[in-house]
2 protein chains.
Amino acid sequence: MPKVTITEVARRAGVSAMTVSRVVNNTGMVRPETRERILRVIAETSYRPNGIARSLITQKTMTIGLVVPDLTNPFFPDVVRGAEDQAFEGGYTLYISDIAELPAREERVLERFEASRVDGVIVCAPRLPDERLAELLSGHPAAVVINREAPPKVAGTVANDDTYGAMRAVHHLLQSGREHIGMLAGPPASRAGRLRSRGYENALSASGHEMKSGWLEPCESNEHGGYNGFKRLLKRHKNLQAVFGYNDLVALGALQAAQEMGLRVPEDIAIIGYDDIRMAALATPALTTLRVDRYGLGAEAFKMLLIRISGKQPPAVLLRPELVVRQSA
Amino acid sequence: MPKVTITEVARRAGVSAMTVSRVVNNTGMVRPETRERILRVIAETSYRPNGIARSLITQKTMTIGLVVPDLTNPFFPDVVRGAEDQAFEGGYTLYISDIAELPAREERVLERFEASRVDGVIVCAPRLPDERLAELLSGHPAAVVINREAPPKVAGTVANDDTYGAMRAVHHLLQSGREHIGMLAGPPASRAGRLRSRGYENALSASGHEMKSGWLEPCESNEHGGYNGFKRLLKRHKNLQAVFGYNDLVALGALQAAQEMGLRVPEDIAIIGYDDIRMAALATPALTTLRVDRYGLGAEAFKMLLIRISGKQPPAVLLRPELVVRQSA
DNA sequence: AACCAAAATGGTAGCGCTAACATCATGGAT
DNA sequence: ATCCATGATGTTAGCGCTACCATTTTGGTT
């Protein structure tokens, strides 16, 4: 059976479409008896207002597009959950798109969102180059990016405070008496890598340790990279007491290398990772690391989006990660 | 700046809106020069057809609603990916909703999808009671449920073949020479539990082992349940040689109990789980288990939905899980 | 040059709803 | 009885687009 329209409901209730509209949207005034009669007809016909038609005139769709690089990466479902909870509460529906790490798909998805006239978009860790990203975002009424910068006119930013996290890690190391601290800095091209390296340097210089070169070792962002990087670092500095890894995988690689070389962790070498992936807790010794507030990232991004939709431009939000102290440091 | 409309494009190109429409949708015939001129104007104005207005008249939104119980459960992102890949290819956009395991939210989401006039919905492992679910699904033009039955008029079904999987597990155990095989059957209310128990019974009776009572032990669906269930089972049957767990967590619990009691796995007791969660591969010994084709579940559900949208009612699809032989059996 | 099928374009209406205004009832104050 | 603020309802128009049909142009044929 075809869907019942507002006109049909109006006809059956013996009123005009406007009166039905007023009842459905709870706006304007309607005599209680009339309202009741209309509600009865609505129930009988199981009428559902056509959101499409409504959107056409109100110029609002109450939908938000959310782009995530990869839902099978356990980082992102938490972000989604944060956004989804906010959306649900605010009466918004989310178009979630998993682009499977493909920039081309990110592009297409953003275009489709535009055709769908979403009220705004949130892009999580965009994979597109700055320029193209800005271009695509500017087609939307409002936008927020997570863990990436964007021109303030085009999009707001919510990000993890990488610099703070790194400082926190290094402080912890210093407090436990280590002086000679190296960093496995990840790939030079990585934004997070740069920010975390900066935090590492800040923490050291703030506590009076002058930065000497050769303690910041670039590496691939996986276990292999950590494994090799650690060996290079140790070869260069026999007095190495602690290592801060670009991420948990790198730290785990370093851990493995240390153990193979007969070093005790944390007695001989302290190790700290970043991200708190599940494997971090499972390692032996369990990895001390920094936990990013993923849920908060999603929730804050959504809140900021609503503010931007209303025309304001709030400053960037930086969420501080939490140091999770386990056994490795 | 406000969005450019088709009328504005038409005006600038010196043609009627219809001609622009024909170019945009690639329908009907337009002289090459005219087409080019229009395309130029479209590019200049970065015109994006308003999908809302289009949907209102075509009565199609090219959107599909997808409901998942919990994206932070690693099972579901793979399902989503399967559906998303199909959707993307077919030009559809997905409304994905993570209901955080809340039936009330499932209800609300399904209603909102109806208001959005999605062309169809896929509900993954619905949390709603049969009757209410059927009611809500029947409001949609088409529907498919994953891992759950529904009236064929209301929704199609794509499911993992639990019975087959259980039979496969038990066969494997029998082939390796175990005769006295118990099952930790999970909660009695669980649909998967019942189907897997049936497969267990089928496999045993098919190979001439008569089913005696007391070998099918209900338990909670977590490690704790498996741990306690195993102890009860072993107390009752000293000759226990193998255990098939309702899911991996249960099997892992059993594994722990066995090891604590000094039993060697798999030498003294063979253990098989179900689901192949990440932890299964990480356990010592690594857990033999059944891997559900999660991606296939999502992909097949989407394909079936398209068929149902076209008015047909294809039979249910059962996807066979794969036995992943590791060390525990 | 007249003709005509096909190609190319335009006009009109309406999808289902609501913004904005117009109209009509109601009942207390005068 | 008259007035009018307020409450309650209806009318009109139009959001941006496309289905459907009407009209005009084009490039051969005769």
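Numbered from 1 within each chain, the chains take letters A, B, ... in sequence-line order. Computed from a predicted structure; not experimentally measured.
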ask   = Quick one: is A:Ser21 getting a side-chain N or O under 4.0 Å of the C:dT18 phosphate, OP1 or OP2?
value = yes
message = Could you check whether any side-chain heavy atom of A:Tyr47 comes within less than 4.5 Å of a side-chain heavy atom of A:Val24, counting everything from C-beta outward?
response = yes
message = As a quick check of understanding, evaluate side chain to side chain contact (heavy atoms under 4.5 Å, CB included) for A:Arg37 and A:Val15, giving each step before the final call.
response = CA-CA 10 Å; A:Arg37 183 153 37 96; A:Val15 295; 4.1 Å; yes
query = Expressed in angstrom and rounded to an integer, what is the separation of A:Gln59 atom CD from C:dC17 atom P?
reply = 17 Å
task = With DNA chain C as reference, determine whether B:Met29 or B:Arg117 sits nearer its 5' end, using the nearest nucleotide of each.
result = B:Met29
request  = Mark yes or no: B:Arg105 above the aromatic ring of A:Phe88, with NZ or CZ under 6.0 Å from the six-membered ring centre and no more than 45 degrees from the axis.
outcome  = yes
request  = Among residues two or more places apart or on two chains, list those pairs meeting ring-ring contact (aromatic ring centres under 6.0 Å, His included) that have a residue in residues 130-150 of chain B.
outcome  = none
query = Rounded to the nearest Å, what distance is computed from the CG atom of residue A:Leu56 to the P atom of nucleotide C:dT18?
reply = 11 Å
inquiry  = Nearest 0.5 angstrom please: A:Glu106 CD to A:Arg132 CZ, how far?
reply    = 10.5 Å
key: 5' to 3' contact window, DNA chain D with chain B (heavy-atom distance under 4.0 Å)   = D:dG16 to D:dC20
inquiry  = With side-chain hydrogen bond (donor to acceptor under 3.5 Å, both in side chains) as the criterion, how do A:Asn25 and A:Arg54 come out once you've worked through the C-alpha distance, each side chain's angles and the decisive distance to 0.1 Å?
reply    = CA-CA 11 Å; A:Asn25 298 296; A:Arg54 179 184 289 166; 3.3 Å; yes
N-O pairing of B:Arg194 and B:Asp162 below 4.0 Å = no
query = Roughly, in whole Å, what's the span from CE in A:Met18 to P in C:dC17?
reply = 12 Å
query = Once the angle between the rings of A:Tyr95 and B:Tyr95 is folded into 0 to 90°, is it parallel (under 30°), tilted (30 to 60°) or perpendicular (over 60°)?
reply = parallel
query = CD1 of B:Ile52 versus P of C:dG14: gap in Å, rounded?
reply = 23 Å
Length of the line joining A:Lys3:NZ and C:dC17:P, which is rounded to integer Å = 11 Å
query = Checking all strands, does B:Thr5 fall into the base, sugar-phosphate, or nothing category for heavy-atom contacts under 4.0 angstrom?
reply = sugar-phosphate
ask   = Can a side chain N or O of B:Thr19 be found less than 4.0 Å away from OP1 or OP2 on C:dG10?
value = yes
query = Under 3.5 Å, is there a donor-acceptor pair between the B:Ser97 and A:Glu84 side chains?
reply = yes
inquiry  = Please give me every residue in residues 32-50 of chain A whose heavy atoms get under 4.0 Å of an atom in DNA chain C, ordered by residue number.
reply    = A:Tyr47, A:Pro49, A:Asn50
ask   = Mapping B:Thr27 and B:Ala53 to their closest nucleotides on DNA chain D, which lands nearer the 5' end?
value = B:Ala53
